[in-house]
Amino acid sequence: MRVAIWQSQPIAHDVGANLEALSAAAVDASFDLLVLPELFSTGYLFDDRTQVAALAEDPHRGRTAASLAALAGRHQAVIVAGMATCIADQVYNSAVVVSGQGTLAIYHKIHLFGAETELFSAGVHPPPVVSLPDGTRIGVMVCFDWAFPEMARSMALRGAQLLCHPANLVLPFCQRTM
Ligand code: ACM
C-alpha cells in the first residue's frame, strides 16, 4: 500500500482555493491512501461559531465531499480528510473517509481543544474503523484525540491496523508520544 500525507498550508476560509491546491498537489502523486490535515478545506482558525457554520458542509453532498470523491476515484484510492461539517444544525470538527463511491465514514472529533469548544459541538460516537478495498482496516481520530489512549485502544480492539490522524498540532507532545 502506498500511503501519502499532504501537509498543506490552507488559505483561511477559501474552500475553493484549498480544494484546487489539493488537486494540483495530487495530480502527479501515486497513492492508495491519502491523509489530509484537520480542517484542511477551511483552515483551522475562526473568529466565532457563525463564521465556521457558514463554511461547514454536508459530509456526503457538500462540495468538499464531492471534490474528494472525484480525486479518490481518479486515483482508485481512499482519502481521509479533516473538515468542518454541519448536520442538523450542529457544527462538527470532523474527519471523513472518502472513496470514489463517496463518503464511507464520518467521525466527529470528541476531544475538542481550547477555543474549539466555542466553535464546534463535540462528537459523541466512537471513532470508526473502516475496511479498505484491500482489506486493511484503518481507524480515524482528529488531533487532540491523540491525548486520550482510549481512542487508539478502542480502535485497536476493533481491528484497526493503521490509525489515520488528521491534525493541526499546536504543541510538540503528540509527535513524541506517537
Ligand atoms: C488540536 O486538537 N488541533 C490541537
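Just so you know, ligand 1 is whichever comes first in the structure, and atom 1 is the first atom listed for that ligand. Start at 1 with the first residue, then count along the sequence.
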Look only at the side chain of D32 and the backbone of R2, and say whether a donor-acceptor pair between them is shorter than 3.5 Å.
yes

Specify the closest pair of heavy atoms between A160 and I138, including all atoms of both residues, with the distance to one decimal.
CB-C, 4.4 Å

In this structure, which one of L36, L34, L33 forms a side-chain contact (heavy atoms from CB on, under 4.5 Å) with V80?
L33

Report yes or no: does E57 contribute a side-chain atom to a donor-acceptor pair with the main-chain N or O of T64 at less than 3.5 Å?
yes

List, for ligand 1, each N/O atom that has a protein N/O partner under 3.5 Å away, with both atom names and the distance.
unit_1   : atom_1 : unit_2 : atom_2 : d
ligand 1 : 2 (O)  : K109   : NZ     : 2.7
ligand 1 : 2 (O)  : F144   : N      : 3.0
ligand 1 : 3 (N)  : E38    : OE1    : 2.9
ligand 1 : 3 (N)  : Y44    : OH     : 3.3
ligand 1 : 3 (N)  : E116   : OE2    : 3.4
ligand 1 : 3 (N)  : N168   : O      : 3.2

Is there a path of hydrophobic side-chain contacts, each under 4.5 Å between heavy atoms of I, L, V, M, F, W or Y residues, that connects V140 with M1?
yes

Pairs in or reaching into residues 62-112: which pass ring pair (Phe, Tyr, Trp, His ring centres under 6.0 Å), with residues at least two apart or in two chains?
F31-H75, Y92-H108, H111-F148

